[in-house]
There are 2 protein chains.
Amino acid sequence: MAHSERPEPAAVPTAGQLIDLFALATTAYFQDFAAVAGQHGLTSTQAKVLILLREPLSMRGLAEQLICDASNVTGIIDRLESRGLVRREVDPTDRRIKYAQRTEAGDEAIRRVRADMQATQRVLADLGDDDRIALAGLLRRLQGTLDQPS
Amino acid sequence: MAHSERPEPAAVPTAGQLIDLFALATTAYFQDFAAVAGQHGLTSTQAKVLILLREPLSMRGLAEQLICDASNVTGIIDRLESRGLVRREVDPTDRRIKYAQRTEAGDEAIRRVRADMQATQRVLADLGDDDRIALAGLLRRLQGTLDQPS
DNA sequence: TATTGTTATACTCTATAACTATA
DNA sequence: TATAGTTATAGAGTATAACAATA
């Protein structure tokens with residue numbers, strides 16, 4: 001596409017068309033993520049939690065990251081803990097707080113999931129420098145905007 | 001960013017950094033979508049189905065679009081039908097097949113959801129022509145690649 | 001009193017398996 | 001016999017409300 005001789009002038013997509021494309025791409029990405037997680041016996045939420053636990057997080061902190069009620073985190077961590085992928089640790093200075101943290105088995109599980117997320121990696125690895133810079137800027141803007149309360 | 005005087009040379013992100021950014025952006029997008037749908041009393045799946053039903057689809061066809069088992073579609077359409085947003089219609093030439101289609105109330109419901117998806121629209125509406133063309137190309141490649149079985 | 005985490009409950013989405021009506 | 005849709009069942013994620021332990 002970069003060096004076709006006599007390209008048709010590429011049509012400029014409208015914001016509406018871009019939003020539809022973005023929806024399709026993000027859906028495909030999530031399905032890829034869920035499929036890979038599933039191949040490793042994890043739901044997408046479980047895989048996401050393991051990724052978030054690169055550092056220990058309190059149950060409350062995890063709920064904030066997941067944007068869900070704190071009561072849900074109990075069950076999610078219960079299931080991961082029963083499989084030995086995560087453990088709870090009580091905060092020594094405030095015994096109300098419990099930190100969830102990955103075990104070594106959890107480290108290994110999520111390492112394998114990430115290694116298998118090849119479909120997206122393949123596309124992104126093919127990008128040239130200019131495209132990478134542009135895409136990173138755009139994704140940061142999208143993320144920043146979407147993080148605001150709409 | 002297009003006309004800053006003496007910009008720092010922008011760092012070229014690695015494929016790994018791009019994938020993390022893409023994960024963050026898609027997560028933010030889905031949360032935006034789910035939040036807007038929720039404000040209109042719909043789950044994200046229900047809103048997604050209403051969008052897919054821009055044309056009538058058989059229960060089977062809907063399951064393919066959703067990438068889920070056909071047995072799930074029964075319940076999803078049941079709930080939408082009980083709220084008057086969708087109706088079932090039997091195919092006259094093959095009475096095994098039922099088509100789900102939006103009612104006028106369904107048209108109106110999804111129209112309102114889309115109108116409220118402003119956070120993403122705002123970012124995309126600000127893009128220049130070159131950025132739009134580049135982004136559309138990239139998203140199409142991502143979608144096409146991710147649709148292949150990984 | 002306020003906060004952290006948990007339990008109880010109910011709903012939605014999901015997959016699997018078995019069933020029916022139709023082709 | 002094959003296909004389309006459904007039902008039954010079970011597991012996971014979600015929100016709300018009420019609760020115990022701790023601050």
Side-chain angles (χ1 to χ4, degrees), chain A residues 27 30-31 33-53 56-83 85-101, chain B residues 27 30-53 56-83 85-101 109:
Chain A
T27 298
F30 264 129
Q31 283 164 349
F33 181 67
V36 170
Q39 286 162 12
H40 293 270
L42 298 169
T43 66
S44 51
T45 298
Q46 288 167 344
K48 185 175 175 183
V49 165
L50 288 179
I51 288 173
L52 289 173
L53 290 181
L57 287 175
S58 69
M59 307 301 273
R60 216 91 193 171
L62 212 33
E64 275 169 32
Q65 295 285 322
L66 294 171
I67 313 200
C68 76
D69 191 88
S71 64
N72 301 315
V73 177
T74 300
I76 295 170
I77 295 299
D78 280 351
R79 288 181 281 275
L80 286 170
E81 194 170 33
S82 73
R83 291 168 58 181
L85 301 177
V86 156
R87 66 167 167 271
R88 286 172 165 95
E89 199 117 337
V90 177
D91 185 317
T93 73
D94 182 342
R95 284 164 46 206
R96 291 174 303 180
I97 299 176
K98 291 179 191 168
Y99 290 103
Q101 53 193 279
Chain B
T27 297
F30 264 130
Q31 282 164 349
D32 186 42
F33 181 67
V36 170
Q39 285 161 12
H40 293 271
L42 298 168
T43 66
S44 50
T45 300
Q46 288 167 344
K48 185 175 175 183
V49 165
L50 288 179
I51 289 172
L52 289 172
L53 289 181
L57 288 175
S58 69
M59 306 302 273
R60 217 93 194 167
L62 212 35
E64 275 169 32
Q65 295 286 320
L66 294 172
I67 314 199
C68 75
D69 191 86
S71 65
N72 301 315
V73 178
T74 300
I76 294 169
I77 295 299
D78 280 351
R79 288 181 281 275
L80 286 170
E81 194 171 33
S82 73
R83 291 168 56 181
L85 301 177
V86 156
R87 67 167 167 272
R88 286 172 165 94
E89 199 118 336
V90 177
D91 186 316
T93 74
D94 183 342
R95 284 164 45 206
R96 291 174 302 181
I97 300 176
K98 290 179 192 168
Y99 289 104
Q101 53 192 276

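Each chain gets a letter, A, B and so on, in the order the sequences are listed, and its residues count up from 1. Bear in mind the structure is a predicted one, so any value in this text is a computation, not a measurement.
- Ion pair B:Glu81/B:Arg83 not flagged as a salt bridge, since none of the NZ, NE, NH1 or NH2 atoms sits closer than 4.0 Å to an Asp/Glu carboxylate oxygen.
- Each of A:Cys68 and B:Thr74 lies near DNA chain D, and the nucleotide nearest B:Thr74 is the one positioned closer to the 5' end.
- A:Gln101 places none of its side-chain heavy atoms less than 4.5 Å from the side chain of A:Val86.
- In this entry the distance linking CG of A:Asp69 with P of C:dT7 reads 14 Å, nearest Å.
- In terms of phosphate contacts, B:Arg60 brings a side-chain nitrogen or oxygen within less than 4.0 Å of OP1 or OP2 of D:dA4.
- Not one side-chain nitrogen or oxygen of B:Lys48 sits closer than 4.0 Å to the OP1 or OP2 atom of C:dC13.
- If you take CD1 of A:Ile77 and P of C:dT4, they are 17 Å apart, rounded to a whole angstrom.
- Here the side chain of B:Thr43 is nearest to one of C:dC13, C:dA8, C:dA15, namely C:dC13.
- Distance from the side chain of B:Thr45 is smallest to C:dT14 among D:dG13, C:dT14, D:dT6.
- Rounded to whole Å, atom C1' of D:dA15 lies 14 Å from atom CG of A:Leu66.
- Rounded to whole Å, atom P of D:dG13 lies 13 Å from atom CG of A:Leu52.
- The side chain of B:Asp94 lies closest to C:dT22, out of D:dT7, C:dT22, D:dA15.
- The side chain of A:Arg79 places no N or O atom within less than 4.0 Å of a non-bridging phosphate oxygen (OP1 or OP2) of D:dG11.
- The 5' end of DNA chain D is approached more closely, in terms of each residue's nearest nucleotide, by B:Lys98 than by the other of B:Lys98 and A:Gln46.
- A straight line from CZ of B:Arg83 to P of C:dT12 spans 9 Å, rounded to a whole angstrom.
- Protein atom CG of B:Asp78 is 7 Å distant from nucleotide atom P of D:dT6, rounded to whole Å.
- Considering only side-chain atoms of B:Met59, the nucleotide from C:dT4, D:dA2, D:dG5 that sits closest is D:dG5.
- Here D:dA2 is the nucleotide among C:dG5, C:dA2, D:dA2 with the atom lying nearest to any side-chain atom of B:Arg96.
- Residues A:Val73 and A:Val49 fail the side-chain proximity criterion, which asks for heavy atoms closer than 4.5 Å.
- Rounded to whole angstrom, the span from the CG atom of B:Asn72 across to the C1' atom of D:dA10 amounts to 12 Å.
- Distance B:Gln31 CD to D:dA15 P: 11 Å, rounded to the nearest Å.
- Nearest to the side chain of A:Arg95, among D:dT3, D:dA23, D:dT6, sits D:dA23.
- Within the 4.5 Å cutoff, side-chain heavy atoms of B:Leu66 are placed close to those of B:Ile76.
- Using a 4.5 Å cut-off on side-chain heavy atoms (C-beta onward), A:Tyr99 and A:Val90 make no contact.
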